[in-house]
Colleague: 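My questions will all concern the structure given below.
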Amino acid sequence: MEILYFARLRETIGHSCETRDLPADIISVADLIDHLTTQGPQYVAAFENMDVIRVAVDQAYVGLDHSLEGCREVAFFPPMTGG
């Protein structure tokens, strides 16, 4: 699965994308975030306030309970302003 990070999330984590083979028990976006926060303090910092982070699975915005079954890409977006 390809995981993309944008703006502040990219800066906090230290890279814009990564490819991961995930454990079988990761079945939702929330599970993925829980898993990522075990990967280091930069992930904990990036996902500390999920109220302001949007998630897209295969380029469609979804909620945290969305299934990852058959998913190829997950993208995380922080709040953005126009301009």
Side-chain angles (χ1 to χ4, degrees):
M1 172 185 304
E2 186 159 12
I3 304 171
L4 307 174
Y5 307 101
F6 292 90
R8 179 187 60 81
L9 297 173
R10 175 185 63 233
E11 295 167 11
T12 302
I13 291 171
H15 49 266
S16 61
C17 67
E18 60 186 312
T19 302
R20 288 184 177 249
D21 292 321
L22 300 173
D25 62 337
I26 296 176
I27 59 173
S28 70
V29 171
D31 293 338
L32 174 60
I33 293 166
D34 288 344
H35 175 73
L36 290 172
T37 59
T38 68
Q39 305 302 301
Q42 70 274 30
Y43 290 93
V44 173
F47 293 110
E48 69 183 356
N49 186 1
M50 283 304 301
D51 291 338
V52 297
I53 295 175
R54 297 189 74 186
V55 182
V57 170
D58 292 335
Q59 302 184 3
Y61 287 112
V62 299
L64 297 179
D65 61 344
H66 188 80
S67 172
L68 296 179
E69 184 175 346
C71 159
R72 292 175 291 152
E73 176 187 277
V74 176
F76 293 100
F77 304 86
M80 296 184 189
T81 59

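Values below: all heavy atoms of this structure, side chains included; hydrogens, waters and symmetry mates excluded.
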Colleague: Check the pair Ile3 / Leu36 against side chain to side chain contact (heavy atoms under 4.5 Å, CB included), numbers first and verdict last.
Modeller: CA-CA 10 Å; Ile3 304 171; Leu36 290 172; 4.2 Å; yes

Colleague: Set out, in order, the CA-CA distance, both residues' side-chain angles and the distance that settles side chain to side chain contact (heavy atoms under 4.5 Å, CB included) for Val29 and Asp65, then state yes or no.
Modeller: CA-CA 6 Å; Val29 171; Asp65 61 344; over 6 Å; no

Colleague: Please report the interatomic distance CD(Gln39) to CD1(Ile13), rounded to the nearest 0.5 Å.
Modeller: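 Nearest 0.5 Å value for the CD-CD1 distance: 10.5 Å.
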
Colleague: Rounded to the nearest 0.5 Å, what's the gap from CZ on Phe47 to OG1 on Thr37? Could you check?
Modeller: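 One finds 8.5 Å between CZ of Phe47 and OG1 of Thr37.
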
Colleague: Can you check whether Phe77 and Tyr5 have ring centres sitting under 6.0 Å from each other?
Modeller: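 Between Phe77 and Tyr5, the centre distance exceeds or equals 6.0 Å.
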
Colleague: Hey, what do you get for SG (Cys17) to CZ (Arg10), rounding to the nearest 0.5 Å?
Modeller: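 Result: 10.5 Å between the selected atoms.
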
Colleague: Do Met1 and Glu73 have side chains that approach each other closer than 4.5 Å (heavy atoms only, starting at C-beta)?
Modeller: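 No, side chains not in contact.
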
Colleague: Are Ile53 and Leu4 connected, step by step, through hydrophobic side chains (Ile, Leu, Val, Met, Phe, Trp, Tyr) whose heavy atoms are closer than 4.5 Å?
Modeller: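 Looking at the clustering, Leu4 is in a separate group from Ile53.
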
Colleague: Applying salt bridge (charged side-chain N to carboxylate O under 4.0 Å, His left out) as the test, list every pair that has at least one member in residues 24-45; sequence neighbours left out.
Modeller: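 Residue pairs with at least one partner in residues 24-45: there are none.
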
Colleague: Is there a path from Ile26 to Met50 through hydrophobic residues (I, L, V, M, F, W, Y) whose side chains come within less than 4.5 Å of each other?
Modeller: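 Cluster IDs for Ile26 and Met50 match.
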
Colleague: For Leu9, is there any backbone N or O sitting under 3.5 Å from a side-chain donor or acceptor partner on Thr12?
Modeller: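 Flag not set: sc Thr12 to bb Leu9 has no pair under 3.5 Å.
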
Colleague: Can you run down the side chain to side chain donor-acceptor pair (under 3.5 Å) pairs that involve residues 40-55, sequence neighbours left out, and say none if there aren't any?
Modeller: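 Output for this query lists His15-Tyr43, Glu18-Tyr43, Arg20-Tyr43.
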
Colleague: Decide yes or no for Ile27 and Glu69: does some side-chain heavy atom of the first lie under 4.5 Å from some side-chain heavy atom of the second?
Modeller: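 Result no, sub-4.5 Å side-chain heavy-atom pair not found.
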
Colleague: Is the shortest side-chain heavy-atom distance between His35 and Pro23 below 4.5 Å?
Modeller: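 Counting from C-beta outward, His35 and Pro23 do come under 4.5 Å.
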
Colleague: Under 4.5 Å between side-chain heavy atoms, counting indirect links through other Ile/Leu/Val/Met/Phe/Trp/Tyr residues: same cluster for Leu64 and Tyr61 or not?
Modeller: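 Different clusters: Leu64 never reaches Tyr61 through Ile, Leu, Val, Met, Phe, Trp or Tyr contacts under 4.5 Å.
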
Colleague: If you round to the nearest 0.5 Å, how far is SG of Cys71 from CD of Glu2?
Modeller: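 Here the interatomic distance stands at 10.5 Å.
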
